[in-house]
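See structure below.
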Amino acid sequence: MSTTTTAGGGQNLIVSAVAIPIMLALLADRGTLHNHPALINLSQYGAGKMGGGSKSFSFPVVGLDGYDLLSATSEGSAVSATDITDAQKTVTVARYAQTRLATDWIHSIDPSGVVNPVRLAQSGFMDAMATLTNAIAGLASGFATSVGTSGVAFDHDTFMAAKGALIEAKVPGPYMAVLHPTSFASWQTDLESRQGITQWKPANEQMQQLRGPGFQGNYDGVDIFTCDKIPASGSDRVNMMFGRGAIGFATQEIDGFGINPNDVLLQVESVLIEQSRNATAGSGNVTTHFYFGVVEIEDLRGVQMIALG
Amino acid sequence: MKPSAPLEMAQGGTLPRLTPSRPFHYFHFPRKWEVAILSDGSGVLVPVLDQLRLDPGISGVAQVGNGTAPMGDGTIAIAQREKAGWVRIPHEAVTAWGETQPDYCLRWQGAHGSAHEEAWMKLTPAGGGRVEREWDGDGYARWRASLVDRGIVKPITAPARIALDAALSKAVTRRRVNDRNAVAIANSEQFERKLRVLREMATAPKAVPAPPPAVVPASPPPDVLTGLQATLAQILQSQQTLAKGQQEQAARLAALETAPKADRPKADRPKSEKLKAEKPENSETSQSSPKSPEGQKAPESDLIE
């Protein structure tokens with residue numbers, strides 16, 4: 001019985017490896033947070049419009065609609081004026097950008113089709129959304145209220161304590177919880193072992209479903225998200241839960257200065273992606289521009305959930 | 001492996017895959033405290049610290065420079081936090097993993113840019129650009145405790161202590177409901193330990209601080225007030241010496257009255273010899289002990305087994 005092998009000759013008939021037309025993406029957290037109604041998009045109220053005149057945009061927060069009670073006033077006497085409690089919040093926009101470079105040569109021999117401007121523009125948009133998500137997650141470090149404790153894994157009691165803290169602070173819904181994947185996995189383990197009514201809740205079952213990064217379902221009216229951009233504090237993770245009005249963000253509309261309209265690959269949600277050509281180097285660039293800012297609006301509307309991470 | 005040393009960090013020419021991150025400031029909110037359990041089982045009450053990363057566009061951090069600024073401008077963001085009641089922790093040298101580090105925020109060179117980590121986070125190459133992380137929890141806890149001892153962070157207030165006690169008690173109570181849940185039991189034990197430490201600290205007798213020794217400067221400084229202080233200290237010391245001398249004299253006289261004549265001491269014994277032997281410890285002893293970078297050690301009353 002003969003064995004076919006290249007050892008006996010014919011090595012020059014083959015190449016060491018051939019690229020096949022498939023592209024598999026490396027692991028990354030591709031979930032986005034900014035469309036959730038618990039977040040206030042300040043650009044919908046005028047921040048970051050064309051010709052806005054500033055990189056920063058302010059807005060008031062006021063104590064109306066039940067913030068102050070009326071005073072018991074005797075008949076015929078004048079009532080003194082009650083000052084409106086107010087403060088001003090400011091969101092500051094900054095520039096974030098990225099460029100991908102590809103040579104003509106690589107573009108010509110790439111069988112997967114990844115190295116082309118349109119595909120890189122699509123990737124640039126997702127990178128921009130991930131950057132915004134990263135910024136939103138980073139605000140978890142700023143809440144003055146916290147539950148849980150360092151060195152102890154996230155569990156259902158920490159979740160309930162956070163929800164309770166928001167209810168005690170009179171925070172209206174919808175609530176949004178953003179957990180680091182490690183904390184979420186710890187919570188799953190605890191839910192799996194829970195007794196009492198917790199084990200019979202349909203939401204408990206929902207939390208056990210495998211969904212990948214991003215939205216994990218709804219538990220007790222709280223939309224649960226996982227995000228690996230949740231900040232660390234030593235060996236712990238600073239997860240967060242908040243209601244509408246805790247966090248806002250603004251994006252700046254961009255008009256490319258001197259840009260050739262034919263070079264605009266994508267312009268969506270204040271993300272501008274353009275291509276440019278360097279003929280002398282035989283290469284091209286796909287550049288993503290994104291101008292945004294995030295801000296904590298009212299501190300008591302959010303709570304940290306500290307857990308071993 | 002050391003921070004900001006890409007050649008040492010590299011393994012097979014590969015820089016570590018660290019997520020790039022900006023420098024940060026530590027802040028403390030007066031209401032946020034926790035009990036940190038050290039590796040020897042003891043506990044210490046420490047302030048909780050949060051980071052303000054200098055990421056442009058986040059929490060009021062501005063972007064400065066014409067494309068050349070390596071980091072955001074946190075001036076406004078810091079002012080806003082301080083106005084809201086947060087206390088900024090000044091950058092200083094700290095002890096982490098038994099070594100002195102120049103700051104609590106250290107920069108590491110990664111494959112995709114610089115990463116800024118806490119000084120207590122030890123990074124070790126694990127091959128192929130991977131990095132293993134170890135956290136010096138004891139060092140971090142001791143440094144946080146020293147912030148209180150050195151007056152950078154005010155001690156916990158009674159309401160904050162009560163709130164912490166209530167939060168820990170609530171956590172312990174909730175977990176008792178699930179007495180057959182392994183996760184609940186494990187977490188409950190940790191919460192109970194923290195609660196026990198907190199309560200022991202509250203009931204432990206406070207150590208009475210020893211009065212500081214009188215400091216007499218070697219040479220009178222030019223400042224008028226300081227010179228006056230030194231003069232007063234010298235007068236005080238002279239009075240004490242005189243009083244002691246009088247007491248000794250009285251004792252000797254009493255001894256002379258009771259003892260036989262042959263045993264009487266000589267009256268011309270030099271006084272200076274006796275004074276030298278009885279001189280109390282002065283400021284030299286208090287200055288002899290070297291200080292760690294974060295200053296003094298946590299007081300005994302805050303470290304309870």
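Source: prediction; values computed, not measured.
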Measuring heavy-atom distances to chain B, does [X] have an atom under 4.5 Å in its side chain, in its backbone, in both, or in neither?
X	answer
A/Val294	both
A/Ala232	backbone
A/Tyr96	side chain
A/Gln304	side chain
A/Ser186	neither

So B/Asn187 and A/Asp157, do their side chains get closer than 4.5 Å, heavy atoms only?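 No, their side chains stay 4.5 Å or more apart.
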Any non-hydrogen side-chain atom of A/Arg194 less than 4.5 Å from a side-chain atom of B/Val183?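 Answer no - side chains too far apart.
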Test side chain to side chain donor-acceptor pair (under 3.5 Å) on A/Ser150 and B/Glu34; report intermediate values, then the result. CA-CA 8 Å; A/Ser150 66; B/Glu34 68 172 347; 2.8 Å; yes
Do you know which of [options] has the most heavy-atom pairs with chain B at a distance under 4.5 angstrom?
options	result
A/Ala144, A/Gly293, A/Ala94	A/Ala144
A/Leu139, A/Val91, A/Val93	A/Leu139
A/Val295, A/Ile306, A/Asp155	A/Asp155
A/Gly151, A/Gly138, A/Ala161	A/Ala161

Verify the neighbour count for atom [atom1] of [X]: are there more than 12 heavy atoms of other residues, nucleotides or ligands below 6.0 Å?
X	atom1	result
B/Lys154	NZ	no
A/Glu205	CD	no
A/Ile254	CD1	yes

Let me confirm one number: the [atom1]-[atom2] distance from [X] to [Y], rounded to the nearest 0.5 Å.
X	Y	atom1	atom2	result
B/Ile58	A/Asn134	CD1	CG	6.5 Å
B/Phe24	A/Ser141	CZ	OG	10.0 Å
A/Thr92	B/Gln63	OG1	CD	11.0 Å
B/Phe29	A/Asp299	CZ	CG	6.5 Å
A/Thr149	B/Ile37	OG1	CD1	8.5 Å

Let's test your reading of the structure: which of [options] forms the most heavy-atom pairs below 4.5 Å with chain A?
options	result
B/Glu134, B/Arg81, B/Met121	B/Arg81
B/Glu117, B/Lys194, B/Gln80	B/Lys194
B/Pro30, B/Gly60, B/Ser21, B/Gly85	B/Gly60

Against chain A, label [X] side chain, backbone, both or neither, depending on which of its atoms sit under 4.5 Å from a heavy atom there.
X	value
B/Arg53	neither
B/Phe191	side chain
B/Val61	backbone

Could you please spell out the steps behind the side chain to side chain donor-acceptor pair (under 3.5 Å) verdict for B/Lys32 and A/Ser146? CA-CA 8 Å; B/Lys32 295 172 81 170; A/Ser146 71; 4.6 Å; no
Can you name the closest pair of heavy atoms from A/Phe143 and B/Trp86 and give their distance?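 Result for this residue pair: O-CH2, 4.0 Å.
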Would B/Gln51 and A/Ser233 count as having a side-chain donor-acceptor pair, cut-off 3.5 Å?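 No pair is found: no donor N or O on one side chain lies under 3.5 Å from an acceptor on the other.
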If only side-chain N and O atoms count, and only distance matters, is there a donor-acceptor pair under 3.5 Å linking A/Ser235 with B/Arg133?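 No, no side-chain donor-acceptor contact under 3.5 Å.
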Worked verdict on B/Thr19 versus A/Lys229 for side-chain contact (heavy atoms from CB on, under 4.5 Å): CA-CA 10 Å; B/Thr19 304; A/Lys229 294 158 185 73; over 6 Å; no
